[in-house]
Amino acid sequence: MIDFEGNIEKLYSVMDKCELCPRKCKVDRNKGQKGFCCTSHKIFIASCNTHTGEEPPISGSRGSGTIFFSNCTLNCVFCQNYPISQLGNGREISLDDLVESMLRLQERGVHNINFVTPTHYSAHIAKVGYLSRKKGLTIPILYNCSGYENVEILKLLEGIIDIYLPDIKYSSNELAFKYSGIKNYVEVNQAALKEMKRQVGNLTVNKDGIAKKGIIVRHLILPNMLENTKKVLDFIAKDLLTDTFVSLMAQYHTANKSLEFKELSRSLTEKEYEEAVKYLEKIGLENGWVQDLNNEC
Ligand code: SF4
């Protein structure tokens, strides 16, 4: 049996010397200090709304109840949400109001609560997840993240999170450092994905095809970097197994600082996309979704 209250207490105490993410800044966020993610104990969100553009089992017919947190633990040069993730756009919200917002989204009929960029708020998420269940939230809770996660923190989220939606961005730490400013993304990300799969298993859906529980791994194909994509897919097939649901995303476009990097200064070509899809099929990854270059599922 999971000790939710004990786990929430542990997560909040981790913020005394913050190690909620693998950056391990060790600042006292409970006393208002801020580390790399520019976030203290206060919660800031950029939006709280119905979103219809996620994968079909997530958006379904009535949308996903998306709560977009401000700031991020990464610093990706191509981030398409950088005004929120890197400039910190958003408004403060209390824990109680966040719980009420989750319940209101459920009343609107959404299929799930979708926490986007949640990592630096994992303590708060455990708490609002627990409190909202007590107040009648019955729909699944999603953790929609960059995949740069601390396994020990993920373990404390067990039973709170129903669906993990992590990115797998890189198969090379050299690329991760160059484009996201992290030296150990690959080993940290791979361990995190294994822990997520251990907790929630493969994706399961209800009779209407709506996600109930499990993991969907997302990979955004970068231009000129098909070898990266192939190695990422190899890891999924070998270590997470070929039944894993993969969302292979083709909608890269230049944003943020990407024009400073020649190789990132264009969209994906149709040829690159087709080759990635062919490789996905060749290595036996049969579950999931591919997109067209117009960003349609
Ligand atoms: S959550 Fe923020 S403060 Fe904590 S370790 Fe990560 S970047 Fe640093």
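In listed order, ligands and their atoms are each counted from 1.
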| field | Face-on cation placement of Lys178 at Phe261 ring, 6.0 Å and 45° thresholds | value | no

| So do the side chains of Pro223 and Tyr252 get within less than 4.5 Å of each other, counting heavy atoms only? | yes

| said: Looking only at the side chains, is there a donor atom on one of Ser247 and Glu55 sitting less than 3.5 Å from an acceptor on the other? | reply: yes

| Metal check, atom 4 (Fe) of ligand 1 vs Cys25 N/O/S, cut-off below 2.8 Å | no

| task | May I ask you to identify the nearest protein heavy atom to atom 6 (Fe) of ligand 1, giving residue, atom name and distance to one decimal place in Å? | result | Cys21 SG, 2.4 Å

| request: Would you mind listing which atoms of ligand 1 come within a distance below 4.0 Å of any non-hydrogen atom of Gly35? | output: 3 (S)

| task | Would you mind telling me if ligand 1 is within reach of the side chain of Lys24, the backbone, both or neither, using heavy atoms under 4.0 Å? | result | backbone

| query | Which residue owns the protein heavy atom closest to atom 1 (S) of ligand 1, what's the atom, and how far is it? | reply | Arg29 NH1, 3.5 Å

| Nearest protein heavy atom to atom 4 (Fe) of ligand 1, by residue and atom, and its distance? | Cys18 SG, 2.3 Å

| remark: Looking only at protein heavy atoms, what sits closest to atom 2 (Fe) of ligand 1 is Cys37 SG, 2.3 Å

| query | Does a side-chain N-to-carboxylate-O contact under 4.0 Å join Lys155 and Glu152? | reply | yes

| task | Output the distance between atom CG (Asp28) and atom NZ (Lys34), rounded to the nearest 0.5 Å. | result | 14.0 Å

| request: Could you tell me whether Lys197 and Asp243 make a salt bridge, using a distance below 4.0 angstrom between a side-chain N and a carboxylate O? | output: yes

| query | Looking at His120, which atoms of ligand 1 are within less than 4.0 Å of one of its heavy atoms? | reply | 1 (S)

